[in-house]
Amino acid sequence: MHIRTRFAPSPTGYMHIGNLRTALYTYLIAKHSGGTFILRIEDTDQKRNQPKAVQAIYDSLGKAGLIYDEGPGKDGGHGPYVQSQRLPIYRKHALELVEKGHAYYCFCQKSETEPEDEENHPEITRDPCRDLPQAEVQAKLESGLVPAIRQRIPEGGSTTFNDIIYGDITFENSQLDDQVLLKSDGFPTYNFANVVDDHLMDITHVVRGQEYLSSAPKYDLLYKAFGWEIPAYIHLPLIVKEDGTKLSKRRGDPTFEDLMKMGYLPEAIVNYVALLGWNPGTEQEFFTLEDLVEVFDMHRINKSPAAFTLEKLTWFNGEHIRKLSPQAFHQLALPWYPESIRQLDLEKLSQVIQIRTEKLGNIPEMVAFLGELPSYEVDLFENQKSKSTLISSKQILEAVIPLLEKLETWDNASLFTVLKEYARESAQKTGTVMWPIRTALSGLAATPGGATELADLLGKKESIHRLKRGLAKLIVSSMDISFG
RNA sequence: GCCCCUAUAGUCUAGUGGUUAGGACGCAGCCCUUUCAAGGCUAAAACCCGGGUUCGAACCCCGGUAGGGGCACCA
């Protein structure tokens, strides 16, 4: 069987994490078996439609690496792939159902119930137009009233549909409402357009969020009314926040685009999100998109909702950053370096920070001290673990500055050799010697890279300058002490 | 309110009648070390509750509870 799946977003201007995962799984289900992945734009809500938002979908899918085989601009014989360009198709099919008796005209005014009325949902009642005599329908039509078309749910009985993840699910028909198929503005509703397009586009596996589970029986009824073959359903568990509530851009939860702006790699986001609701059955966690295509098995998708947390995503991001070639990392890091350090050897800097970068967004903060020495307290020179005190620090800097001033080759290896040798001769731990140097060079308790790496990056002139300032600080402090 | 879905550590998860309940993130400690990372090791931490079925239940059945989703001429 040649699998055909489709990702069918509505253009909202950004990609939710949940949408990204739906797109990913939809892509993987098709690609794992060499099938076809289709993009369809669901812009049936005129009020919400934003043309620019369509471009955002292309951009995000491209970043994620989810290349579609068929879709806008890539006709595979099932186009057009933008629903607003398919209006006559929906009308034709809606009328077909009216003729067959599976749908009917509804002349009611658009219901005024506000969506905010979450507390007060009326019981399912059949629409009064459902049983309008033919003559009356004809008369209303001729008088120029523009009707909507509603699905006629069978009286009584129940509908059972099958989902690959959830198995058989049964709904009483009395629980299903006569949903609108074609709005009075001539646009189809989401549910109707989906059924028609999925059939016409030969979609074999319908992949969507679990929020659509309860509309699935109405889909089955529609397929049966048309006499069409029912596709396989795959409803995906929701992605929620740690507190169990759903992710929402309004409440400040990051979208795919937001995460990339924060310095998360698309590969890492894809890797993380793939494991939210699915696992390979092995203990492997690091995956590239190609790996996922290889091992993805839709039958291992979970039923229960998964919480999205930045913590584990951040770890994945670090993993993906470490796997990058030094050149690739450098290119990604470059835009994040502040103006104040542009004169440094940034390629060398990239090599030093790659292993310590878990998020590109941390880079500016991580390297700021290279541009300007932060102000720091003298007690930063004290460190128990390194056996470093104000006195030892002062002595070491006094001894080491002249040594370094004489040094001709200024690089990490030479610096380390000289300082290590000094430590050996003066019978001190390497760490004791390095501590005051690193401290004076950075003004920080923790830095990416050790003393000699920082000196290498800063260059001889700036390094000596910073060391002397550190020494001055220590001298002033020792005088304060002696004067009480 | 009605319908549907779900339930293993704080989080992501493995597990399909017999396991010392496995892995990962995070957290804590130790080692390594030129601070920090990275790496290595160790620790703490879980089967929602109650009934069955069974020689034996995380696993099967029933009932609760909790959480989530749906109930628009939105998608």
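To find a chain, count down the sequence lines: A is the first, B the second, and so on, and within it residues start at 1. What you see is a predicted model, and the numbers here were worked out from it, not measured in a lab.
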When rounded to the nearest Å, what value does the distance between C1' atoms of B/rG15 and B/rA28 take?
28 Å

For the pair A/E462 and A/R466, find out whether any cationic side-chain nitrogen is under 4.0 Å from an anionic carboxylate oxygen.
yes

Over all strands shown, is A/S184 touching base, sugar-phosphate only, or nothing at heavy-atom distances under 4.0 angstrom?
base

In plain terms, say whether A/E155 and A/R130 are close enough for a salt bridge, that is, a side-chain N and a carboxylate O under 4.0 Å apart.
yes

A/K303 has an atom NZ; how far is it from atom P of B/rC12, in whole Å?
17 Å

Mind checking whether A/F187 and A/Y90 have ring centres under 6.0 Å apart?
no

Nearest-angstrom distance from the residue atom CD1 of A/I41 to C1' of B/rC74
17 Å

Expressed in angstrom and rounded to an integer, what is the separation of A/Q175 atom CD from B/rC71 atom C1'?
9 Å

Using whole Å, report how far CG of A/L238 lies from P of B/rC12.
13 Å

For A/R208, which contact category applies under a 4.0 Å heavy-atom criterion: base, sugar-phosphate, or nothing?
nothing

Does the structure show a Watson-Crick or G-U wobble partner for B/rC48, both distances under 3.5 Å? Name it, or say none.
B/rG64

Nearest to the side chain of A/S304, heavy atoms from C-beta on, is which of B/rG69, B/rC73, B/rU6?
B/rU6

Is the ring centre of A/Y264 less than 6.0 Å from the ring centre of A/F316?
no

Reference residue A/D178; test salt bridge (Lys or Arg N to Asp or Glu O under 4.0 Å); the match among A/R152, A/R150, A/R126
A/R126

Test side chain to side chain contact (heavy atoms under 4.5 Å, CB included), reference A/V273, set A/L313, A/T22, A/L259, A/I17, output is A/I17

Looking at A/R40 and A/D198, is there a salt bridge between them, counting it only when a charged N and a carboxylate O are closer than 4.0 Å?
yes

May I ask you to verify if any side-chain N or O of A/K218 is less than 4.0 angstrom from the OP1 or OP2 atom of B/rG70?
no

Under 4.0 Å between any heavy atoms, over every strand shown, what does A/A306 touch: base, sugar-phosphate, or nothing? Just pick one.
sugar-phosphate

Searching all strands shown, indicate the nucleotide that pairs with B/rA58 (Watson-Crick or G-U wobble; both distances under 3.5 Å).
none

Evaluate side chain to side chain contact (heavy atoms under 4.5 Å, CB included) for A/Y81 paired with A/M201, printing each intermediate quantity in order.
CA-CA 9 Å; A/Y81 296 90; A/M201 294 181 182; 3.9 Å; yes

Spacing of the P atoms in B/rC3 and B/rU8 (rounded, Å)
25 Å

Considering only atom P, compute the distance from B/rC4 to B/rC47 and round it to an integer number of Å.
30 Å

Is there a Watson-Crick or G-U wobble partner for B/rC2 with both distances under 3.5 Å, and which nucleotide is it?
B/rG70

Can you check the distance between B/rA14 and B/rA75, where both ends of the measurement are the C1' atom (answer in whole Å)?
35 Å

Among B/rC25, B/rC73, B/rA14, which is the nearest nucleotide to the side chain of A/V180?
B/rC73

Counting any heavy atom closer than 4.0 Å, what does A/Y212 reach on the DNA or RNA strands: base, sugar-phosphate only, or nothing?
base

Take nucleotides 30-42 of chain B nucleotide by nucleotide from the 5' end and write B, S or -, depending on whether a protein heavy atom sits under 4.0 Å from the base, only from the sugar-phosphate, or from neither.
---BBBBBSS---

Classify the nucleic acid contact of A/N302 as base, sugar-phosphate or nothing, counting any heavy atom under 4.0 Å across all strands shown.
sugar-phosphate

For the pair made of CD in A/E242 and C1' in B/rC27, what is the distance, rounded to whole Å?
13 Å

Considering only the C1' atoms, how many Å lie between B/rA58 and B/rU16, rounded to the nearest integer?
10 Å

RNA chain B nearest-nucleotide lookup for A/S10 and A/D243: closer to the 5′ end is A/D243

If a pair satisfies side chain to side chain donor-acceptor pair (under 3.5 Å) and one of its residues is in residues 361-383 of chain A, list it, with sequence neighbours excluded.
A/N383-A/S386

Considering only atom C1', compute the distance from B/rC48 to B/rG67 and round it to an integer number of Å.
11 Å

Send over the distance from A/I169 CD1 to B/rG69 C1', rounded to a whole Å.
11 Å

Which nucleotide in the list B/rG15, B/rA75, B/rA72 gets nearest to the side chain of A/R300?
B/rG15

Answer for the Watson-Crick or wobble partner of B/rA14, both distances under 3.5 Å, is none

For A/K218, which of A/T159, A/D177, A/N173 qualifies under side-chain hydrogen bond (donor to acceptor under 3.5 Å, both in side chains)?
A/D177

Would you say A/N279 places a side-chain N or O within less than 4.0 Å of OP1 or OP2 belonging to B/rA14?
yes

Kindly say whether, by distance alone, the side chain of A/K312 makes a donor-acceptor pair under 3.5 Å with the base of B/rA24?
yes

Taking the P atom in each of B/rA7 and B/rC60, what is the distance between them to the nearest angstrom?
10 Å

Would you mind reading off the distance between A/E211 atom CD and B/rG68 atom P, rounded to a whole angstrom?
15 Å

In Watson-Crick or G-U wobble terms, with both distances under 3.5 Å, the base opposite B/rU35 is none

Could you give the CD1-to-P distance, from A/I239 to B/rC5, as a whole number of Å?
21 Å

With C1' as the reference atom in both, quote the distance from B/rA37 to B/rU20 in angstrom, rounded to an integer.
35 Å

